[in-house]
Amino acid sequence: MNFPTIIFKLEQVTVDYVSDTSGKPALNEVSFEIPQGSWTAVIGDNGSGKSTLSKVLSGFIPVSGGRRVLAEGHTAYAVLQNPETQLLGETVDEELQLSLHGLTDMDALEKENRMRELLDEVGLSIPLDRPVKHLSGGQKQLLNLACCLGAGADSILFDEATSMLDPGSRKSVLEAADRLHRLGTTILWVTHRTEELCFADRILLLEQGQVSFDGTTEQFFYGQQDQEEGGYNPGVPSPCERFGYEPPYVVQTVRSLHKRGYMPQARPLFPAQLSEAVKRCQLQ
Ligand SMILES: Nc1ncnc2c1ncn2[C@@H]1O[C@H](COP(=O)(O)OP(=O)(O)OP(=O)(O)O)[C@@H](O)[C@H]1O
């Protein structure tokens, strides 16, 4: 059997902020493992502990109790919420050079080729001498992502990285993460938006510093499959509904079709999957 490598491991992690007078820890005995190559999304209401969890995973803050383990040879890389926070260079080229500074055996031409490759990998078609201040928010996030790759990241934490972006830029960042994930990059995606959860294979839901749901994306949106009937019981609220989140449009449509007895076994998350399911249903 092929056991995946565990990249991150949290064991009973608790975080208490000294200045927090609420008397409740921001994270309360949180435990989970992140296998290499997975895409885990974290969702939760304001104040549920998402940012604290991101900071613990990135190593920005210490834990008050428990243990955070990062697999040997791995470094935590993150794309943060505000596109400006991580950018130091004046031009795209300067920014990428900073991420490549460890590659001392590369000559100038090799570095330039590598920088163009990095931009290609994240789907950013811009000249290397473009001033950073002329980039859109979405382009800045893609540049941040390219820098993570340049520095050798094989796992990347996106901490609400699309929350300040317009829909088009949000799509570009998600698509870039999706492409990298298909090539083997481990993705941790912290978000408020349920439609962004569809790209993940696992959902962690935080409530008051604790993990209230840990399961697959299909389980989160459609609930548990009925063992005997094989379909989904549309009368039982899914975890997404139970925890008060609005499912994405595709899921809402299919839940409503389930209630009318159509496609009881279908669990599409994306429009293309929905149209495939409808096509199969018509052929039957
Ligand atoms: N630096 C801090 N000092 C004191 N308390 C903090 C600090 N940061 C977070 N907290 C508290 O910890 C709890 C969890 O906050 P956190 O920011 O991790 O939640 P969140 O889910 O990211 O919220 P949001 O979605 O609003 O960003 C909250 O009660 C918050 O007030």
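Start at 1 and go down the list; that is how both ligands and their atoms are numbered. Just so it is clear, the values below take in all heavy atoms, side chains as well, and ignore hydrogens, waters and symmetry mates.
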Enumerate, atom names and distances included, each donor-acceptor pair closer than 3.5 Å involving a side-chain atom of residues 242-249, sequence neighbours excluded.
from, atom 1, to, atom 2, distance (Å)
Tyr245, OH, Asp45, N, 3.1
Tyr245, OH, Asp45, OD1, 2.9
Glu246, OE2, Gln252, NE2, 3.4

Open item on the list: Using side-chain contact (heavy atoms from CB on, under 4.5 Å), reason through Leu53 and Leu10 one step at a time and then give a plain yes or no.
Closed with: CA-CA 10 Å; Leu53 180 65; Leu10 297 192; 3.5 Å; yes
Open item on the list: Test ring-ring contact (aromatic ring centres under 6.0 Å, His included) on Phe32 and Phe8; report intermediate values, then the result.
Closed with: CA-CA 8 Å; Phe32 60 80; Phe8 289 102; 8.7 Å; no
May I have the N/O to N/O pairs between ligand 1 and the protein that fall below 3.5 Å, each with atom names and distance to one decimal?
from, atom 1, to, atom 2, distance (Å)
ligand 1, 3 (N), Ser19, OG, 3.2
ligand 1, 18 (O), Thr52, N, 3.0
ligand 1, 18 (O), Thr52, OG1, 2.5
ligand 1, 19 (O), Gly49, N, 3.2
ligand 1, 21 (O), Asp45, O, 3.4
ligand 1, 21 (O), Gly47, N, 3.4
ligand 1, 21 (O), Ser48, N, 3.1
ligand 1, 21 (O), Ser48, OG, 3.3
ligand 1, 21 (O), Gly49, N, 3.0
ligand 1, 21 (O), Lys50, N, 3.0
ligand 1, 21 (O), Lys50, NZ, 2.9
ligand 1, 22 (O), Ser51, N, 2.8
ligand 1, 22 (O), Ser51, OG, 2.8
ligand 1, 23 (O), Gly47, N, 2.7
ligand 1, 25 (O), Asn46, ND2, 3.1
ligand 1, 25 (O), Lys50, NZ, 2.8
ligand 1, 25 (O), His192, NE2, 3.4
ligand 1, 26 (O), Asn46, ND2, 2.9

TODO: Using a cut-off of 6.0 Å, state whether more than 12 heavy atoms not belonging to Gln208 lie near its atom CD.
DONE: no
Task: Working for ring-ring contact (aromatic ring centres under 6.0 Å, His included), residues Tyr222 and His258 - done: CA-CA 10 Å; Tyr222 289 104; His258 284 171; 5.8 Å; yes
Task: NZ/NE/NH1/NH2 to OD/OE distance under 4.0 Å, Lys171 and Glu195 - done: no
